[in-house]
Amino acid sequence: MSTPRLPEKRWSIDLEKKIQEEHYADSESYQQRYGFKPTSGKPLFVVDTPPPYPSGTWHIGAVAQYSMIDVIARSQRLLGKEVYFPWGVDRNGINIEFTVEKNTKRKMKTYDREEFLNLCRETIETFTQAMRKTAARVGLSCDFAAEYLTDAPDYRAVTQSIFIDLFKKGDIIEDLRPNIYDPVEGTTIADAEVERISRNTKLVDVKWQTDTGEELIISTTRPEMICACGVVVVHPDDQRYQHLVGKRAILPMPVSGRESSVEIQTHPSVKSEFGSGILMVCSFGDQNDVAVFRELGLTPYQAIDLDGCMTEISADLSGMTVIEARNKATEILEESGKISQIEERSQEIPVSERGKNPVEIILLKEWYVRQTHIQDRMREHIEEIQFHPPRNRQFLLDWMDNISIDWPISRRRWYHTEIPIWYSEDEEFIVVPPSGNYVQPWKEQPPIDSRVLNRDSREDIGSFSEMKDSLGEIRGEEKVFDTWMDSSNSNLFVSGYLNHPEVFEKAFPTALRPQGKEIVRTWLYYTLLKSTLLLDKPGFQHVWIDGLGMDPWGRKMSKSLGNGIDADSVLECGAGGRTGSWKVKGPSGSVSLKANKIGSECFRLWKACEAQVGDDFHINPEEIEAKYFGVLTKLFNVARFASQFDMPDVEPTTPFPVEDRWIRSEFSATMETVESSWNDLDIYSATQALKTFGTGILPSHWLEMAKTRLYDGDMHAAWTIHSILKDFLATFSPICPFFCHHISMTLYGESSVDVDQFPTQGPVDKQLNQLTSEVETFNSEVWKTKKEQGLSLNAEIEGVMVPDSLNEFKGTLTRMHKLL
RNA sequence: GGGUCUGUGGUCUAGGGGUUUAUGACGUCGCCCUUACAAGGCGAAGAUCGAGGGUUCAAUUCCCUCCGGACCCA
């Protein structure tokens with residue numbers, strides 16, 4: 001008997017790391033293996049990888065999702081597709097600005113703009129490096145050589161070009177509109193960036209008077225906004241107040257530069273049961289106020305300025321911050337006896353997602369992408385996209401039902417893509433750069449081949465070089481884009497839009513958008529909006545929306561709960577014999593979790609097996625190890641066992657014994673399931689099928705039958721085990737690439753990760769497959785009988801009969817169980 | 001307050017009107033070092049499918065209400 005060619009007794013994290021490092025060490029062979037070769041002639045499959053946002057450590061839930069995207073990319077290669085699995089890093093945005101502000105303890109706007117941008121770029125680069133390392137460690141087969149950065153000139157140029165195209169088409173407009181504004185960070189934000197937090201506020205019941213001397217009580221949490229009140233409304237069906245309608249209510253606070261009374265009207269949005277049932281509508285206390293103002297055709301008052309301070313119209317409150325003004329207003333009202341009651345209550349208030357600052361609604365001139373007019377067309381396109389799981393399409397449709405205003409895209413920040421526009425001195429004309437340029441209007445002049453457009457009509461007036469002197473002193477736009485304006489091009493960029501038109505033609509709609517469900521309303525929605533506006537096409541063929549990683553008790557992992565688990569700690573668990581331990585805050589106190597070995601292969605296998613796409617998944621390192629490391633050990637040992645027998649050079653031509661025909665037919669059935677699952681992007685089913693076959697029926701039943709023949713050097717048995725194992729490794733390698741690579745290289749000198757055609761097996765023999773459960777049952781019975789009789793499993797046994805239905809298997813079963 | 005999704009042995013999961021005495025895995029218990037594997041193998045126990053109603057000849061599966069969880073919105 002020869003020694004196994006797999007010398008290691010079992011799979012280990014150190015072995016895994018060694019393979020991983022070799023795998024990524026030589027970039028030339030790496031690119032040969034995983035680089036995108038658009039001219040290969042194979043059908044293209046472009047993955048719109050979510051470019052991760054570097055922020056220090058990578059979240060374990062995110063890494064789990066990326067590893068599944070990698071499974072898809074690898075399985076598509078296996079199916080013969082030319083896969084582009086890009087590696088991008090999302091580096092624009094307010095987060096990195098905050099990080100720099102925090103690190104240097106200095107606010108952005110106290111810096112020179114250029115100096116601040118450099119600090120951002122340096123900071124984000126260190127985070128980016130750490131991320132690339134984790135990406136390799138978990139086995140991502142991205143095209144790293146073609147790395148794209150969303151803050152790089154080539155990427156930003158695409159964003160700017162798309163902006164100009166949409167502007168020329170009339171899909172981007174400038175307007176003075178109420179905007180959601182973060183006064184602390186000094187920038188406009190979009191609806192999608194607003195979140196709500198619960199906070200205690202004072203609900204003040206203020207006594208108002210009508211012009212006829214009647215008293216009415218109006219409850220408000222924002223007495224400082226009385227100066228911006230445009231109307232007082234009651235519900236049209238509220239019998240208590242019908243006599244008031246049409247009268248005027250006198251503002252209980254002094255105001256300056258405006259009327260001191262407002263009309264009383266009706267509006268259906270009033271909740272009669274809330275407070276007194278009378279509502280003051282201010283410009284702009286909240287979104288409802290905005291809607292009422294628009295519907296009633298009222299002229300808004302500007303009560304808050306860009307610094308978040310009260311304006312002139314608030315008279316005595318002028319110049320105070322909103323909070324100061326609120327307290328002062330309460331004080332003034334109290335002194336003048338106009339408060340009947342103050343109640344503490346908790347209220348949900350809107351804050352900015354990033355800065356957690358209470359937001360205000362302010363009238364500002366901003367840039368918008370028009371979106372309300374195109375919703376129906378978008379829905380038609382969305383119909384054509386295949387969602388995984390199908391139910392998650394609903395997240396998108398629900399969000400779209402709520403779209404009522406256009407998308408504000410300009411921001412008063414710095415580390416973002418600049419709005420590529422210059423204004424003529426008289427503001428009538430704008431200058432835009434030619435497509436493909438990245439420009440920074442706040443510090444540069446327009447490129448010489450820029451065009452001059454009429455600001456309102458968008459008509460092209462002429463070239464900048466010719467008209468230069470007639471424009472007066474031109475002014476570069478200082479504002480930048482919302483980061484989603486960049487992110488929502490990712491599918492266009494990776495599919496070759498503008499830069500590789502010949503690829504784009506074949507690659508769009510982009511094959512796959514994989515993402516988490518928490519950013520459906522932003523990333524997915526905005527991307528689809530753009531493909532509809534720009535190309536009138538669906539942006540994708542498939543959208544794959546995964547669930548969220550949760551802590552072991554089903555709660556979202558977050559810093560504030562202290563229940564987060566760092567990705568590297570899981571991937572490195574077991575390396576160098578070091579065990580992993582985690583302290584996680586559970587619902588009742590801290591819990592210690594321990595694991596001896598996990599690593600990338602076990603981690604990927606766990607995610608592939610544990611949860612269907614779209615389901616939230618609990619992350620517990622102890623469980624990952626306990627449930628899935630054994631699977632690797634088992635498979636490794638099957639391979640190790642096989643590795644002591646040589647594979648015959650050619651398939652034996654003499655007939656195979658029934659047990660070999662049977663297991664090959666079973667394997668064919670498994671391969672059919674696996675192939676169709678990979679085609680459907682169904683990781684779960686593919687993995688389950690492989691696991692069941694590889695750890696169950698193959699070793700437990702067939703191997704036991706074939707053992708003797710293998711030891712005797714039987715060619716049929718050797719051919720059977722190797723041909724199955726080789727194809728098994730190929731189809732399993734999307735899930736555990738390093739594991740399969742190592743075994744296949746050692747045994748066959750070819751890597752399973754290089755297989756680019758789904759292995760074809762012989763036909764399924766239905767009649768043999770029908771005997772499978774009988775074989776399993778019979779084996780179980782014999783094992784059980786031996787146990788009951790106190791016999792060891794390899795002892796001879798008398799009186800057991802092979803049933804007639806398994807007549808064909810009589811010989812092999814008799815030998816296997818040593819039946820007498 | 002509203003919407004969407006979700007609730008299956010201790011844990012995680014499959015299934016989805018009758019073929020189900022509900023799948024598999026982990027854990028538990030018992031037995032076994034059997035010429036790949038004790039980081040193994042074999043076997044056993046363990047679930048009135050969240051609760052309550054309804055539709056039906058038949059419900060874990062469909063509908064309603066409630067309870068719990070997640071996400072989103074106002």
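Chain A is the first sequence line, chain B the second, and so forth, proteins listed ahead of strands; every chain is numbered from 1.
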Exercise. Could A/R709 and A/E659 be called an ion pair, given the rule that one side-chain N must be under 4.0 Å from one carboxylate O?
Worked result: yes

For this session: Please tell me which of A/L703 and A/W11 maps to the more 5' nucleotide of RNA chain B, matching each residue to the nucleotide holding its nearest heavy atom.
Result: A/L703

Exercise. Taking only side-chain nitrogens and oxygens of A/K787, does any of them come within less than 4.0 Å of OP1 or OP2 of B/G30?
Worked result: no

For this session: Under the side-chain hydrogen bond (donor to acceptor under 3.5 Å, both in side chains) rule, collect the residues that match up with A/K691, sequence neighbours excluded.
Result: none

Seminar exercise, completed: A/D398 has its side chain closest, among B/A39, B/G3, B/U34, to B/G3

Exercise. Under 4.0 Å between a side-chain N or O of A/S700 and OP1 or OP2 of B/C42?
Worked result: yes

Exercise. Is A/R10 touching bases, backbone alone, or none of the nucleic acid, heavy atoms closer than 4.0 Å?
Worked result: base

Exercise. Between A/W523 and A/R513, is there a cation-pi geometry (under 6.0 Å to ring centre, at most 45° from the normal)?
Worked result: yes

Exercise. Could A/E622 and A/K594 be called an ion pair, given the rule that one side-chain N must be under 4.0 Å from one carboxylate O?
Worked result: no

Exercise. Heavy-atom count around A/M715 CE within 6.0 Å, excluding the residue itself: above 12?
Worked result: no

Exercise. Quick one: what's the B/S/- string for nucleotides 8-15 of chain B, heavy-atom cutoff under 4.0 Å, read 5' to 3'?
Worked result: ---SBSS-

Exercise. How would you label the contact of A/T692 with the nucleic acid (heavy atoms, under 4.0 Å): base, sugar-phosphate, or nothing?
Worked result: nothing

For this session: Would you please name every residue forming a side-chain hydrogen bond (donor to acceptor under 3.5 Å, both in side chains) with A/D14, sequence neighbours left out?
Result: none

Problem set entry | Paired nucleotide for B/U34 [Watson-Crick or G-U wobble; both distances under 3.5 Å] | none

Problem set entry | B/U56 - base-pair partner by Watson-Crick or wobble geometry, distances under 3.5 Å | none

For this session: Tell me which nucleotide among B/A39, B/A44, B/G41 gets nearest to the side chain of A/K634.
Result: B/G41

Exercise. Across the strands shown, which category fits A/S792 at heavy-atom distances under 4.0 angstrom: base, sugar-phosphate, nothing?
Worked result: nothing

